[in-house]
Amino acid sequence: MSGLFTAAFLRQIGWSADVYERSAVELIGRGAGITTHPELLEALEKSGAGTSDLGVHVEKRVTLDRAGNVIGEKHLPQILTSWDRLQRLLRATIDEAHYHLGHTFERVDQDGSGVVVHFAGGHSERADLLVGADGIRSGVRAQVAPAIQPVYSGYYIWRGAPNEADLTSRTLESIFPCFAFFLPEQQQVLGYPIAGLNNELRPGRRRYNFIWYRVGDAEKLREMCVDENGRQHDYSVPPPLIRKDLIARMREEAAAIMPPQFLDCLHNMQPFFTPIYDFSTPRLVFDRVALVGDAAASARPHMGFGMAKAGSDAQALGEGLGSHDDIDQGLAAYNEIRQPIGARIVQHGRKLGTHLGVNLETDEDRVMWRQLQDYRAMMDRIAEPGFLAAYR
Ligand SMILES: Cc1cc2nc3c(=O)[nH]c(=O)nc-3n(C[C@H](O)[C@H](O)[C@H](O)COP(=O)(O)OP(=O)(O)OC[C@H]3O[C@@H](n4cnc5c(N)ncnc54)[C@H](O)[C@@H]3O)c2cc1C
């Protein structure tokens, strides 16, 4: 997504930009819900992607107790969208001739005035600039800053997206129209409505994005990453290969603690898990290689801000290059503006992550942990629109 954003913003300043994607087929149906922020809406509008039929509007947040009663409520309008919808809006901004599926980046050579980018299979391209928009496990970053590695947070999430049509009337009435929370000790269960498949926004055809944060150390994660066929994976397991015993154990644990509405969601979805990592890079520019989006810095998802950061990084890169005749000066301007912001977002994610009580190292961590034990503070701060403004 940050690659598509970047190409759109570079085109606007008169550059010719091509996107090379490793997947051989169009990317669809990945991930699920995405909370939106003013920065994301701005980047979508300015990039030309637009915000039409972006997602489902909610008016409020609620917190449930174990019995499913609403114990807290907060008015906070927000648009909840989905990975698919954003991908389609951004994909439509690029001409077919400039979007190249089936190209896996392997290596970049630099000579001071440009780059030669080598792809698997022997293909290579010369350009003025390579933008690494290849995600948290970026191969581009691995070459220019190999010491920078994502750090495991000590927790992971179970997630999934049940269809609205499969949920009980109690679930539909009490949590479906809301951003909902259930907050047992050292856990978080969150949910919000998103579009159905093919961006269906009509009532009855939408989905509910379900997320359950669980604490688990690196050893536990390694055990979870053994798939149904006994194969060990490095970071996570493709959903169809997640072990059945793991899912059965997770369902049992949920039944022991969760309100009926969230259990209803869990019963009606195909669950998969995602370990939570984060990191930031001290530099975003390495001569004629620049990093954007998750390749540049990736925060824990408590702010739901990854897409907004991807869009704003790309926007700032376009603005830096567009306002300088010299490419290197334009890149330096981009680095100066976005590197500290990326680092700040990562720090903010760690602050919110203290709610889970893992690796609390400083007094500040412990103070934050205590504040976040109050569900009202969580409703105020999780995926809070405008949180970055407080730092300006
Ligand atoms: C659990 C979870 C919940 C989240 N919730 C939210 C949310 O609510 N709101 C939000 O805004 N963000 C959220 N995010 C973050 C968001 O998903 C990411 O920030 C966003 O996807 C970053 O986009 P990206 O384009 O930088 O990287 P990616 O989406 O990872 O895309 C990288 C692309 O590069 C391609 N690629 C990788 N390697 C190569 C290679 N060698 N050669 C060619 N191509 C390659 C990949 O195939 C992929 O298409 C969440 C993340 C997680 C883990």
Side-chain angles (χ1 to χ4, degrees), residues 1-7 18-28 30-41 43-44 54-55 78-87 90-91 99-108 117-121 123 125 130-143 150 153 155-161 179 188 190-192 194 209-214 235-236 272-278 291-314 342 345-346 349 353 382-385:
M1 222 75 91
S2 49
L4 290 168
F5 263 129
T6 300
D18 285 71
V19 173
Y20 295 89
E21 165 57 50
R22 129 182 102 181
S23 170
V25 292
E26 287 286 351
L27 300 167
I28 44 161
R30 284 172 129 214
I34 298 287
T35 54
T36 69
H37 293 264
E39 291 89 342
L40 176 61
L41 304 186
L44 286 168
L54 186 59
Q78 199 161 21
I79 303 173
L80 290 327
T81 184
S82 62
W83 195 94
D84 290 319
R85 181 62 189 147
L86 289 175
Q87 207 271 347
L90 282 161
R91 179 70 182 80
Y99 187 70
H100 311 276
L101 291 167
H103 281 68
T104 300
F105 166 86
E106 275 196 346
R107 188 180 99 243
V108 56
V117 183
H118 302 274
F119 298 95
H123 181 77
E125 290 284 345
L130 170 67
V131 180
D134 50 345
I136 188 167
R137 304 273 162 204
S138 167
V140 176
R141 190 187 68 242
Q143 188 181 333
S153 62
Y155 48 86
Y156 60 93
I157 56 174
W158 281 105
R159 52 181 176 151
F179 196 137
Q188 296 173 21
L190 315 174
Y192 51 81
I194 58 171
N209 190 54
F210 170 98
I211 303 169
W212 182 16
Y213 282 86
R214 306 292 316 269
Y235 307 115
S236 66
F272 62 102
F273 67 89
T274 307
I276 304 302
Y277 289 83
D278 68 7
L291 302 174
V292 295
D294 275 14
S298 178
R300 302 178 188 185
H302 305 296
M303 294 87 69
F305 201 72
M307 291 293 180
K309 191 183 89 69
S312 300
D313 283 352
I345 295 169
V346 170
I382 293 299
E384 172 200 6

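Whatever order the structure lists ligands and atoms in, that order sets their numbers, starting from 1.
In terms of modelled atom types and a separation under 3.5 Å, the side chain of H37 and the main chain of G304 share a donor-acceptor contact. Remark: the backbone N or O of I136 is paired with a side-chain donor or acceptor of R141 at under 3.5 angstrom. With hydrogens and angles disregarded, a donor-acceptor distance shorter than 3.5 Å links the side chain of D134 to the backbone of V140.
Using bins of under 30°, 30° to 60° and over 60° for the plane-to-plane angle, the ring pair W158/F273 lands in the perpendicular bin. Ring geometry for Y277 versus Y235: interplanar angle over 60°, hence perpendicular rather than tilted (30 to 60°).
Contact annotation for Y192 and ligand 1: only side-chain heavy atoms (C-beta onward) come within less than 4.0 Å of the ligand. No part of S138 comes within 4.0 Å of ligand 1, judged by heavy-atom distances. Looking at L27 against ligand 1, only its side chain comes within 4.0 Å, counting heavy atoms. Counting heavy atoms under 4.0 Å from ligand 1, residue S2 touches it through both backbone and side chain. Under 4.0 angstrom from ligand 1, the non-hydrogen atoms of R159 all belong to its side chain. Residue I211 does not touch ligand 1, judged by heavy-atom distances below 4.0 Å.
Taking any N or O of G306, backbone or side chain, at least one lies under 3.5 Å from an N or O belonging to ligand 1. Taking only nitrogen or oxygen atoms, main chain and side chain alike, W83 does not reach within less than 3.5 Å of ligand 1. Backbone and side-chain nitrogen or oxygen atoms of T274 are examined, and none is located within less than 3.5 angstrom of a nitrogen or oxygen of ligand 1.
For atom 20 (C) of ligand 1, the nearest non-hydrogen atom from the set M307, E21, K309 belongs to M307. The heavy atom nearest to atom 41 (N) of ligand 1, considering only Y156, F5, F105, F119, is found in F105. Which of G139, A314, G304 comes nearest to atom 9 (N) of ligand 1 through a heavy atom is settled by distance: it is G304. Selection from D294, V117, D134 by nearest heavy atom to atom 36 (N) of ligand 1 gives D134.
For Q78 against T36, the heavy-atom pair with the smallest separation is NE2-O, 3.2 Å. A pairwise comparison of heavy atoms in H302 and G353 identifies NE2-CA, 3.4 Å as the closest pair. Shown here for V346 and S298, the closest heavy-atom pair between the two residues is CG2-O, 3.8 Å.
Ligand-side atoms of ligand 1 in range of I157: 1 (C), range being under 4.0 angstrom from any heavy atom. Shown in contact with H103 at under 4.0 Å from a heavy atom are these atoms of ligand 1, numbered in order with element: 42 (N), 43 (C). Per-residue contacts place G135 under 4.0 angstrom from the following atoms of ligand 1 (heavy atoms of the residue considered): 27 (O), 30 (O), 32 (C). For ligand 1, the atoms sitting less than 4.0 Å from at least one non-hydrogen atom of Y20 are 43 (C), 44 (N), numbered in the order shown with element in parentheses. Of all atoms in ligand 1, listed by their number and element, those nearer than 4.0 Å to a heavy atom of G293 are 26 (O). Those atoms of ligand 1 with a heavy atom of P301 less than 4.0 angstrom away are 2 (C), 3 (C), 4 (C). Atoms of ligand 1 lying under 4.0 Å from any heavy atom of M1, numbered from 1 in the order shown and given with element: 25 (O). Set against the non-hydrogen atoms of A133, the atoms of ligand 1 under 4.0 Å away are 32 (C), 33 (C), 34 (O).
Between R159 and N209, every side-chain heavy-atom pair lies at or beyond the 4.5 Å cut-off. Side-chain contact between E39 and F305 is present, with at least one heavy-atom pair separated by less than 4.5 Å. For the pair S153 and D278, the minimum side-chain heavy-atom distance is 4.5 Å or more.
Judged as a side-chain contact (heavy atoms from CB on, under 4.5 Å), and not counting sequence neighbours, the contacts of T6 are L10, V131, V292, A314, L317. Applying the salt bridge (charged side-chain N to carboxylate O under 4.0 Å, His left out) criterion to R214, with sequence neighbours excluded, gives E253.
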